[in-house]
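Take a look at the structure below.
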Amino acid sequence: MSKPDRTFYKKTSLELAKAILGFYLVHITPHGRMVGKIVETEAYMGIHDKAAHSYNNNRTKRTEVMFGPPGHAYIYLIYGMYHCMNIVAAETDTPQAVLIRALEPVEGMESMAQLRYKKSLHQCSKKEKTGLSNGPGKLCQAMDISRSENGLDLVNSKHMFLLEDDPPDKKDIITSTRINIGYAEEAIHFPYRFYINSSPYVSVKVNTSK
DNA sequence: ATACAGATCGGT
DNA sequence: CCGATCTGTATA
C-alpha cells in the first residue's frame, strides 16, 4: 500500500470524497500507531457551498489552510469540545475540503479505547466498540487528532498520512445529503455525503425502507 | 467589547 | 429532545 502523492489530492472535494473511501488514515502518536479505514466522508465545495466554512470566500485564521495547497489537514474545534478533521482538496486558492465522518478501526484499538473511554478494549461493550470512531468528533478523539495537527501536510508528514487501498465495490457506496447543516438553505439538499453501506461504523444510515 | 451560533455527542 | 462548553466570527 502506498501514500497518495500531491496530485492525487488535486481534485474537487466531491471527487476526493469518493476517492478516499476505503483508504486508511494513519496517525503515529505517543500512544502508538493508530489506523482506521475511511468509511464515510462529506464534500464541502467551497465558495458557493453555503454549508462550507469557506462559503463566500470567507478567509479567516481558522479557514486559512483550505486556501492553501491540497493534501493538508484542516482541523477545527466544534461546539467548544470536539474536533473535526478534513482533507484539503483542489488547488491553491480554491478552498474545498473533505470531512472525514467515520472510520473503521484497524490498528491501535487498545489506545483508541483508552482515549475514548479511559478503559481497556476488553471492558468495552459491543456498542462502545462500534462507537470508537463512528462520527467526526469521535474519530478525532480515538485517533488523538486535535488542532495541533491543523495544517499538517499528509503528503510529507511521517506522523499522519493516508494509505491507498482498493476502492470498495461501487454497489456498496451510498450517496446522501450531509449531516447537521440545517442552516445551509439550498445546499441542504446537495448529495455530497458518501459512505460504505456494509460498514457497521457509519454514523447515520439513510432510511432505505418506504 | 460584546453577542451568538455551531460540519457533535451523550444522556433522558 | 436537550444541555454541555468555548472558540471563531461578525457587528458595533
Side-chain angles (χ1 to χ4, degrees), chain A residues 12-18 20-21 25 36 38-68 70 72-90 94-103 105 112-119 123-151 174-195 200-207:
Chain A
T12 67
S13 61
L14 261 179
E15 293 174 88
L16 187 63
K18 288 179 267 191
I20 62 175
L21 281 178
L25 174 64
I38 299 171
V39 297
E40 179 180 349
T41 58
E42 279 177 1
Y44 286 84
M45 282 293 274
I47 65 175
H48 301 301
D49 178 0
K50 286 183 180 163
H53 291 164
S54 52
Y55 171 64
N56 205 22
N57 231 14
N58 178 34
R59 184 171 188 158
T60 65
K61 196 165 189 178
R62 180 174 66 146
T63 63
E64 184 60 31
V65 215
M66 285 195 282
F67 289 81
H72 292 249
Y74 167 50
I75 296 156
Y76 64 90
L77 187 66
I78 184 74
Y79 297 108
M81 47 186 126
Y82 299 104
H83 297 274
C84 289
M85 172 167 175
N86 299 252
I87 299 174
V88 175
T94 303
Q96 303 184 2
V98 175
L99 173 67
I100 312 291
R101 282 197 56 91
L103 295 175
M112 294 185 193
Q114 285 298 333
L115 288 161
R116 288 271 296 134
Y117 307 119
K118 312 256 185 259
K119 62 184 184 186
Q123 321 190 59
C124 290
S125 67
K126 191 166 181 180
K127 193 156 196 168
E128 285 171 324
K129 284 178 188 172
T130 53
L132 277 177
S133 54
N134 63 346
K138 298 176 191 179
L139 72 90
C140 283
Q141 196 181 14
M143 297 277 287
D144 200 25
I145 293 168
S146 68
R147 273 176 307 170
S148 48
E149 280 80 36
N150 187 43
I174 303 281
T175 301
S176 85
T177 54
R178 292 170 291 182
I179 305 291
N180 280 333
I181 52 154
Y183 53 86
E185 303 175 21
E186 80 278 356
I188 291 171
H189 308 290
F190 296 172
Y192 287 178
R193 174 169 172 258
F194 308 95
Y195 64 86
Y201 290 90
V202 169
S203 64
V204 189
K205 294 199 180 179
V206 170
N207 185 5

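Computed from a predicted model, the values in this text were never measured in an experiment.
The side chain of Arg116(A) contributes an N or O atom lying less than 4.0 Å from OP1 or OP2 of dG10(B). Phosphate proximity of dG10(B) to Lys138(A): present, with a side-chain N or O under 4.0 Å from OP1 or OP2. Under 4.0 angstrom from either OP1 or OP2 of dG8(C) there lies at least one side-chain N or O belonging to Arg147(A). OP1 or OP2 of dG8(C) has not a single side-chain nitrogen or oxygen of Asn58(A) nearer than 4.0 Å. Under 4.0 angstrom from either OP1 or OP2 of dA7(B) there lies no side-chain N or O belonging to Asn180(A). Contact check, Arg62(A) against dT9(C): a side-chain N or O comes under 4.0 Å of OP1 or OP2.
Asn134(A) places its CG atom 12 Å from the C1' atom of dT8(B), with the value rounded to the nearest Å. Atom CD1 in Ile100(A) sits roughly 14 Å away from atom P in dT8(B) (whole-Å rounding). Across the protein-nucleic acid pair, Leu132(A) atom CG and dT8(B) atom C1' stand 17 Å apart, rounded to whole Å. Look at NE2 on His83(A): it is 12 Å from P on dC9(B), rounded to the nearest Å. In this structure, Ile188(A) atom CD1 and dA7(B) atom P are separated by 12 Å, rounded to whole Å. With rounding to whole Å, Met81(A) atom CE is found 11 Å from dG10(B) atom P. Between the C1' atom of dG8(C) and the CD1 atom of Ile78(A) lies a distance of 10 Å, rounded to the nearest Å. Rounded to an integer number of Å, the gap from Leu77(A) CG to dA7(B) C1' is 13 Å.
For Leu99(A) and Gly131(A), each mapped to the nucleotide of DNA chain B holding its nearest heavy atom, the one lying further toward the 5' end belongs to Leu99(A).
Interface remark: the Tyr76(A) side chain does form a donor-acceptor pair with the dA7(B) base, using a distance-only criterion of under 3.5 Å.
For the side chain to side chain contact (heavy atoms under 4.5 Å, CB included) test with Val98(A), the passing option among Thr12(A), Leu16(A), Val88(A) is Leu16(A); the others fail.
Among the nucleotides dA7(B), dT9(C), dT8(B), the one closest to the side chain of Thr60(A) is dT9(C). Among the nucleotides dA7(B), dG8(C), dC9(B), the one closest to any side-chain atom of Tyr183(A) is dA7(B).
Among all heavy-atom pairs drawn from Lys50(A) and Tyr183(A), the shortest one is O-CE1, 3.7 Å.
Base-pair partner of dT8(B): dA4(C) (Watson-Crick or G-U wobble, both distances under 3.5 Å).
Geometrically, Arg101(A) does not engage Tyr201(A) in a cation-pi contact, judged by NZ or CZ lying under 6.0 Å from the ring centre and within 45° of the ring axis.
One finds the OG atom of Ser133(A) at 11.5 Å from the CD1 atom of Ile38(A) (value rounded to the nearest 0.5 Å).
Between Tyr76(A) and His83(A), the ring centre distance reaches or exceeds 6.0 Å.
Using modelled atom types, no side-chain atom of Asn56(A) and backbone atom of Asn58(A) make a donor-acceptor pair closer than 3.5 Å.
Across all strands, Gly80(A) comes closer than 4.0 Å to base atoms (heavy-atom distances).
In this pair, Tyr79(A) does not lay its aromatic ring on the base of dA4(C); centres under 5.5 Å and planes under 30 degrees do not both hold.
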